[in-house]
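Being a predicted model, the structure only gives us computed values, none of them experimental. Per chain, numbering begins at 1; letters A, B, ... match sequence-line order.
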Amino acid sequence: MHLFAAARAAVGEPMVTVEAGTLGSVLDSVASRYSDFARVRPQCSYLLDEVSCTDPSTPVGDGSRVDVLPPFAGG
Amino acid sequence: MHLFAAARAAVGEPMVTVEAGTLGSVLDSVASRYSDFARVRPQCSYLLDEVSCTDPSTPVGDGSRVDVLPPFAGG
Amino acid sequence: MADSGPAVNNGPMGEIRLAEVTEKVIDAPTMERLVEDDRAGAIVSFSGNVRDHDHGRSVATLDYEGHPSAEAVLAEVAKEIEGRFDVIALAVSHRVGPIPIGEAALVAAVATAHRGEAFAACQALVDLVKEKLPVWKHQVFSDGTDEWVNCA
Amino acid sequence: MADSGPAVNNGPMGEIRLAEVTEKVIDAPTMERLVEDDRAGAIVSFSGNVRDHDHGRSVATLDYEGHPSAEAVLAEVAKEIEGRFDVIALAVSHRVGPIPIGEAALVAAVATAHRGEAFAACQALVDLVKEKLPVWKHQVFSDGTDEWVNCA
């Protein structure tokens, strides 16, 4: 799982490795290890292997990449 | 009377001297001398001594200046 | 003001930094630099350029004529926009005389704190210039005919 | 495209002449020159600059972080705007990394035949960049505290 901006700051790492499961389960796993992540999580959107993913029941296989994107603030 | 842009082109002179009277009478006088002015006249606005003037019955005294302004096309 | 050159102010806020009618080339980057300000989050600039075609006809040469009051009117227009919007700084310049194809006839630049206001103020400024400025445009077409724009 | 530098096209019409995410200084005049075209009657440009204050607090330093897909997303955004409006030429650049106060984070320039379309297209382009571009802004305030903008 790749973390960006505020999500990376909350976790303290740009990348963490999590056991396969569903989008919801991998996020739960990160939240249980990094308590600050719970605060950022509700605001984030996700990419599963570069494709936008919103359903927490979506399966996340071994070797898949999840990108955690906090709210954009460009411009 | 000072003529600008299309009004000057219609009359062929940047300035013509007209007898005092009203705004309407001085414009009639120019229109009678320069036939092309009649075509431009309905589109123009007027300044009487630098102040916008729309009422043809407004008196125009000796020495007064009337500016004939065709529709603006700036920008 | 019409005969005394550019009207430049350097007051503290809502500044009109330039409102001029000029026979010289207008440099858009210079206009944008004029409105730069550390408080400004957004600068929107407009450049109205002379085109090689108008209503499908090829334009050969083009001339703008200004009334002697044009610069004073431009200053009033700038002031009205500055009063209507949250403007940090504003600059506007209209060129008169012959203008080569591709060069700017009108450049406006507006700096504001937020972007929506910058777009709104710059567009309103350009619209008001078009409506109020006593300036006329004369086009000569490639076939030798000519017209005063907006004059039927 | 995200890793292969600026996406520059030189097609004949509705051209996207630049859509880049860069760590370098963005020069607004260069962006405007990129969209110049003899067919263009109007060029509207937007420069979103880093401010010294945000919500009344003094900003000391400021950083933008971009997702690896940012440049590809910017190209899509530019294409969508080019499809929605009568665009002659368009250029857009977003800077990432540390940006000094007063310098541009985002510059967009749009050339069209008529002015209303230029304002509408440029504003829509900037709005869509703000909405879609995976870019984040980190501010450090003068009192030493910091925030990720838009993140409660």
Donor-acceptor pairs under 3.5 Å, chain C versus chain D:
residue, atom, partner, partner atom, Å
Asp38(C), O, Asp52(D), N, 3.4
Gly41(C), O, Asn49(D), N, 2.9
Ile43(C), N, Ser47(D), O, 2.9
Ile43(C), O, Ser47(D), N, 2.8
Ser45(C), N, Ser45(D), O, 2.9
Ser45(C), O, Ser45(D), N, 2.9
Ser45(C), OG, Ser45(D), OG, 2.8
Ser47(C), N, Ile43(D), O, 2.8
Ser47(C), O, Ile43(D), N, 2.9
Asn49(C), N, Gly41(D), O, 2.8
Asp52(C), N, Asp38(D), O, 3.4
Arg115(C), NE, Asp127(D), OD1, 3.1
Arg115(C), NH2, Asp127(D), OD1, 2.9
Asp127(C), OD1, Arg115(D), NE, 3.1
Asp127(C), OD1, Arg115(D), NH2, 2.9

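Contact detail for Phe46(D) and Ala42(C): the closest heavy-atom pair is CE1-CB, 3.7 Å.
For the set Ala113(D), Gly102(D), Ala28(D), Ala108(D), the count of heavy-atom pairs under 4.5 angstrom toward chain C peaks at Ala113(D). Ranked by non-hydrogen atom pairs under 4.5 Å with chain C, the options Cys122(D), Pro29(D), Gly41(D), Ala118(D) are led by Gly41(D).
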